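Okay, structure first, notes after.
As the structure is a computational prediction, the values presented were derived from the model and not from experiment. What's counted below: heavy atoms across the whole structure, side chains too, no hydrogens, waters or symmetry copies.
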Amino acid sequence: MKFTNKPLFLKIIFAITIAIILFISSVSYKHIRALHDSNEIVEHTYRVLIKIEQLFTKIKNVEIDRRNYLLTHDKKLLRQIEFDKVEIKQNLEQLREITSDNPYHFQTTKKLESLIEKN
């Protein structure tokens with residue numbers, strides 16, 4: 001009778017197979033979790049960049065409207081400038097909330113806010 005036909009050998013092979021499957025599953029879970037975490041960081045970065053781009057666009061709009069007002073003296077432009085200033089403040093608040101988890105970026109946002117308020 002061969003050794004491979006004994007039930008003890010089959011039980012050992014089964015136990016080793018289960019152990020290998022559990023090991024591979026735990027390693028896979030760890031890597032999937034790390035991938036998920038890095039994906040969240042990338043998504044957060046994109047949200048910050050979008051807010052910065054929106055803020056930059058609004059600032060440019062205010063500058064253009066101010067220049068156009070100086071050229072045309074159109075009162076509608078003054079209302080648009082005030083509306084854009086409100087949106088700039090909202091974007092700054094949102095940017096401050098998003099960057100609150102990073103002290104360096106939070107300080108940079110505060111500096112940006114003080115520069116915007118000067119103008």
Query raised in the report: Are Leu8 and Ile16 joined in one hydrophobic group, where the rule is that I, L, V, M, F, W and Y side chains link up if heavy atoms are under 4.5 Å apart?
Result: yes
Requested in this report: Output yes when a side-chain donor or acceptor of His44 lies under 3.5 Å from a complementary backbone atom of Thr99, and no otherwise.
Outcome: no
Report task. Consider only side-chain heavy atoms of I, L, V, M, F, W and Y, link residues closer than 4.5 Å, and tell whether Phe106 and Leu95 are in one cluster. Result -> no
Query - Close side-chain approach of Thr108 and Leu112, heavy atoms under 4.5 Å - result: no
Report summary line: Rounded to the nearest 0.5 Å, the CG atom of Asn39 sits from the CD1 atom of Ile32 at a distance of 13.0 Å
Could you give the side-chain donor-acceptor pairs of residues 82-92 under 3.5 Å, partners two or more places apart or in another chain?
unit_1, atom_1, unit_2, atom_2, d
Asp84, OD1, Gln80, NE2, 3.1
Glu87, OE1, Lys58, NZ, 2.4

Query raised in the report: Hey, are the side chains of Leu49 and Glu53 touching, using non-hydrogen atoms and a 4.5 Å cut-off?
Result: no
Query raised in the report: Does any non-hydrogen side-chain atom of Ser28 lie less than 4.5 Å from one of Ile24?
Result: yes
Query raised in the report: Do Phe14 and Ile18 have side chains that get closer than 4.5 Å, going by heavy atoms?
Result: yes
Query - Leu78 CG to Tyr69 OH distance, which is reported to the nearest 0.5 Å - result: 4.5 Å
Query raised in the report: Any side-chain heavy atom of Ile116 sitting closer than 4.5 Å to one from Leu55?
Result: yes
Query raised in the report: Would you say the side-chain atoms of Lys110 and Gln107 include a donor-acceptor pair closer than 3.5 Å?
Result: no
Query raised in the report: Atom CG of Leu77 and atom NZ of Lys75: how far apart are they, to the nearest 0.5 Å?
Result: 10.5 Å
Query - SB check Arg47 Glu43 (cutoff 4.0 Å) - result: yes
**Report entry** Leu70 side chain near Arg66 side chain, heavy-atom distance below 4.5 Å
**Finding:** no
Report summary line: CD1 of Ile41 to OH of Tyr46, rounded to nearest 0.5 Å, is 13.5 Å
Query - Cluster check Ile12, Ile20: I/L/V/M/F/W/Y, side chain < 4.5 angstrom - result: yes
Query - Flag side-chain contact, heavy atom, 4.5 Å: Lys51 against Val48 - result: no
